[in-house]
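One structure is given here, and the rest of the page talks about it.
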Amino acid sequence: MVVSVRRHQHAQLPRRRSGHTTTVTIGAERFCLTANQRDDGSLGEVFIHWGKHGTSAAGLVSSYAIALSLGLQHHTPLAELIRPGLDQFFVPNGHTDDPEIPRVRSAVDYIARRLAIDWLPHAERAELGVYTLTERVHQASTWITACELAARRSAPPAPRGGWR
């Protein structure tokens, strides 16, 4: 009996590829997130640099980037890869210098949100609960306007003729 083993097919990236690097400060820590794309324009691989080479922190974020990249190479949807990282809480966390993502719960939370904003369509980001600051402000102003209109409709009419 001959058993055939089928290996997983992974997407080969071109030798020369386009991408961009985002540098962010979370608390007092600086990170560099590089995202390279495939020929079709989709996300193909991720690199994350943090701190001094050889430290535990640098190794952990590098391992996270490798895991993301391997998932992408094996056609795992980006939303599924980043979902576990959203809202993870550990240091460094807090304020960032990224105007679209002003606060995060951790570096992994930032990376997941940045990748979602840069690489997922709005509908998929909304399912994950990932919005830019501008989108959050717009949602809040729409909600406030709707509440004000509802309050005006349900308010009793003002008395006529003054107080007696």
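For reference, positions follow the sequence shown, starting with 1.
Each of L115, V24, T21 was evaluated against L33; a single residue qualifies, L115, per the side-chain contact (heavy atoms from CB on, under 4.5 Å) test.
Judged by distance alone, with hydrogens and angles left aside, the side-chain atoms of S106 form no donor-acceptor pair with the main-chain N or O of N93 at under 3.5 Å. With hydrogens and angles disregarded, a donor-acceptor distance shorter than 3.5 Å links the side chain of D97 to the backbone of T25. Although no hydrogens or angles enter the test, the distance criterion places no donor-acceptor pair under 3.5 Å between the side chain of E127 and the main chain of E124. A donor-acceptor pair under 3.5 Å is formed between the side chain of S69 and the backbone N or O of V46. Proximity of a side-chain donor or acceptor of R125 to a complementary backbone N or O of V130 within less than 3.5 Å is detected. Side chain of S63 to main chain of G59: a donor-acceptor pair is present (N/O by atom type, distance under 3.5 Å, no hydrogens or angles). Between the side chain of R105 and the backbone N or O of D87 there is at least one donor-acceptor pair closer than 3.5 Å.
Look at E100 and R113 and you find no salt bridge, because none of the NZ, NE, NH1 or NH2 atoms lies under 4.0 Å from a carboxylate O.
With values rounded to the nearest 0.5 angstrom, L133 atom CG is found 10.0 Å from I101 atom CD1. Distance check, rounded to the nearest 0.5 Å: CG of L68 to CD1 of I111 gives 8.0 Å.
Relative orientation of the W119 and H20 rings is parallel, given thresholds of 30° and 60° on the angle between their planes.
Closest of all the heavy-atom pairs between P84 and Q88 is O-NE2, 3.1 Å.
Put simply, the side chain of D98 reaches to within 4.5 Å of the side chain of Y110, judged on heavy atoms.
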